[in-house]
Novice: 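Sharing a structure with you now.
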Amino acid sequence: MVNQELAKIFYEIADYLDMEGNAVPFKSIAFKKVANNLESSNEDAGNIYKKGGLKALMEISGVGKGIAFKIEEYLKTGKIKELIALKKRTPVDLGGLMRIEGLGPRKIKILYQKLGVRNIKDLEKTAKAHKIASLFGFGEKTEKNILEGIEFLKRSNEEFLLGEILPKVRKIIAELKNLKEVKRISEAGSVRRRKETIGDADILIVSSNPKKVIDYFISMPSVVKVWAKGSTKASIRFKDGFDSDLRVLSEKQFGSALQYFTGSKEHNIALRKIAINKGLKLSEYGLFKGPKIIAGKTEEEIYEKLGLQWIPPEMRENQGEIEVAKIHKIPQLVELNNIKGDLHCHSHWGDGNGKEGIENLVKMAIRIGYEYIGISDHTKFLRIEHGLDEKQLAEQNKAIKSLNSKFYILNSNFRILHGCEANILADGSIDIKDEALAKLDYVIAGVHSQMKMSKEKMTERIIKAMENPNVDIISHPTGRVIQQRDEYEIDFAQILKVAKETGTILEINASPVRLDLNDNNIRKAKEMGAKMIINTDAHQPEQMRFMEYGVSQARRGWAEKKDIINTQSVEKILAVFKRP
DNA sequence: GCCGTTTTCGGCCCGACTGTTTTCAGTCG
């Protein structure tokens, strides 16, 4: 998508401008702002230009005459001359160098001018040669920090999956709660916003005895390094490799601190601007009118005093939620306890787990409190997963019927549905015969092979599958695996259109490595009115607990209960499927 | 460079920390 390319370029321009320390310091802010807007926009700048030219581009928030011309230049020539000129003037790897903690554009400029540092390699060499400490504005400590920063970068694994971090954060919080000095405690930051990947975990605490809480925190057995320790905060690394910041606050600031540390940064900036317009000032210490604090104890009162409805953390990305909160139209987001069943569960029927595999999944579903479960094993094309053929599906169907009567005795409200996760082959056909598919309660179909097709071909392939009257659900529709594999190339708008026309349901795959659809696509699907289902794709009963991550992602995509079909009863859900 | 229900000019988010200074610039979240 051209928006991402443009955003990257504008961020880069902004960094180079910052480095030059230009005469118009706010120019770089303008570039960063527009980069951020483009990044999070659902509307492709290329399309906007095609439809309405320069004038339409200038309708984009943050785009004026100058930037509109630059977007046009990029669309026409594939490059932007100003950036090329900036790079030529100061040929350094700014993006790379800025990843070193403590180095920003201005210091990098000095390092380049005085020592000819162009990249991290140069930087390491000059630091080790002890040339940096004597520079004006630098010193021994800075040089040491740079070397540490390079080391840190070398072994840092950046971001962790929400599915890895959230359970650990909950464990830490549970442990801290045991302290009688802890009055209140909450997760904050991107964990609270349920971002799919997490850099570090923020935890906030109200306590009358900060010292004791901090000391306890940094001496937890799983702590391997203390980065920083103050009287009210600490920063540590756990042995699993992730960092965590703890802050101890007073009760009367808890709301404003929670708001501030939950972010996102962009959301907070927007809120502070609203505060300024009202003659107020917002910070982590409260909402102030002059020297007087007028809100701070709870998040709700801060939003209220700013004239806004309270905004769920998952929506706080400054992607339109503030405008919606102004008119009190924040959607009633779907919740975990709205979910009545999971229709994408693998029993391993084909690798000999048989009935037992199904029973274990059913027991878990009942324990969770579901009203139904769908068994959907892989089909024959996926030999490596012991995919089922038509005959095995028929046998499985019999077994499920008998299990249904068995569990009926235990819980007459519970239903086992029989489906499968069939394969969409390269030509868009399904690897199981239509007669066999028609005998199931529902059919999921997904792409599991040949993922590197052209955009046109892949779109056509999935559309053909959606047009099959036996295919009810498309699993993990974009195929991405977080930090491992990109989405396949598809025209998602086109897919949404056909999904709506054919009544095909798009899956929000709740597996923490997939979360596919992602938040942006969920929002597009919602806007288009396409139906979605949240499934876990569990390959063992415990993984049915992944549902929570799918629901979080749905909430980040602003989805409501009515957008998600497995918030409905089994009768209603069967009526949504295509087969009679 | 962008923007406007106080503004077409004069603003543009806030506070803390660090390391370097001798009163502050740069960086971070």
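Below, each value reflects all heavy atoms present in this structure, side chains not excepted, and no hydrogens, waters or symmetry copies. Throughout, protein chains are lettered first and strands after them, A, B, ... in sequence-line order, and every chain is numbered starting at 1.
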Novice: Classify Phe261(A) by what it touches in the nucleic acid, base, sugar-phosphate, or nothing, heavy-atom distance under 4.0 Å.
Specialist: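 Result for Phe261(A) = nothing.
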Novice: Does dA16(B) have OP1 or OP2 under 4.0 Å away from a side-chain N or O of Tyr285(A)?
Specialist: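 Indeed, a polar side-chain atom of Tyr285(A) lies that close.
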Novice: When syn is taken as a glycosidic angle within 90 degrees of 0, is dT7(B) syn or anti?
Specialist: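 This nucleotide is in syn.
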Novice: What's the CG-P distance between Leu271(A) and dC14(B), to the nearest Å?
Specialist: 12 Å
Novice: Can you tell me if the side-chain N/O atoms of Lys107(A) get under 4.0 Å from OP1 or OP2 in dG26(B)?
Specialist: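 Looking at the OP1 and OP2 atoms of dG26(B), neither is under 4.0 Å from any side-chain N or O of Lys107(A).
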Novice: Searching all strands shown, indicate the nucleotide that pairs with dT8(B) (Watson-Crick or G-U wobble; both distances under 3.5 Å).
Specialist: none
Novice: Would you mind classifying the nucleic acid contact of Lys65(A) as base, sugar-phosphate or nothing, using non-hydrogen atoms under 4.0 angstrom?
Specialist: sugar-phosphate
Novice: For residues Glu284(A) and Gln253(A), is any side-chain donor paired with an opposing acceptor at under 3.5 Å?
Specialist: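 Judged by distance alone, the side chains do not pair up.
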Novice: Which heavy atom in Glu321(A) sits nearest to a heavy atom in His267(A), and how many Å separate them?
Specialist: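 Closest approach of Glu321(A) to His267(A), heavy atoms only: OE2-ND1, 2.8 Å.
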Novice: Which nucleotide sits closest to the side chain of Lys233(A): dG15(B), dG1(B), dC17(B)?
Specialist: dC17(B)
Novice: Starting from C1' on dC28(B), measure out to CG on Asn145(A) and report it in whole angstrom.
Specialist: 13 Å
Novice: Do you know the tightest heavy-atom contact between Trp558(A) and Gln319(A)?
Specialist: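 Shortest heavy-atom contact: CZ2-O, 3.8 Å.
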Novice: When you check the phosphate oxygens OP1 and OP2 of dT18(B), does a side-chain N or O of Thr142(A) lie under 4.0 Å from one of them?
Specialist: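 For dT18(B), neither OP1 nor OP2 has a side-chain N or O of Thr142(A) closer than 4.0 Å.
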Novice: Over all strands shown, is Ile67(A) touching base, sugar-phosphate only, or nothing at heavy-atom distances under 4.0 angstrom?
Specialist: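 It contacts sugar-phosphate atoms only.
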Novice: With respect to the phosphate group of dG15(B), does any side-chain polar atom (N or O) of Lys281(A) fall under 4.0 Å of OP1 or OP2?
Specialist: yes
Novice: Under 4.0 Å, heavy atoms only, any strand: does Val34(A) hit a base, just the sugar-phosphate, or nothing?
Specialist: nothing
Novice: side-chain hydrogen bond (donor to acceptor under 3.5 Å, both in side chains), that's the test. Do Glu72(A) and Tyr49(A) meet it? Break it down for me.
Specialist: CA-CA 8 Å; Glu72(A) 181 181 52; Tyr49(A) 180 69; 2.5 Å; yes
Novice: Please report the distance separating the P of dT27(B) from the corresponding atom of dT20(B), rounded so that it comes out in whole Å.
Specialist: 13 Å
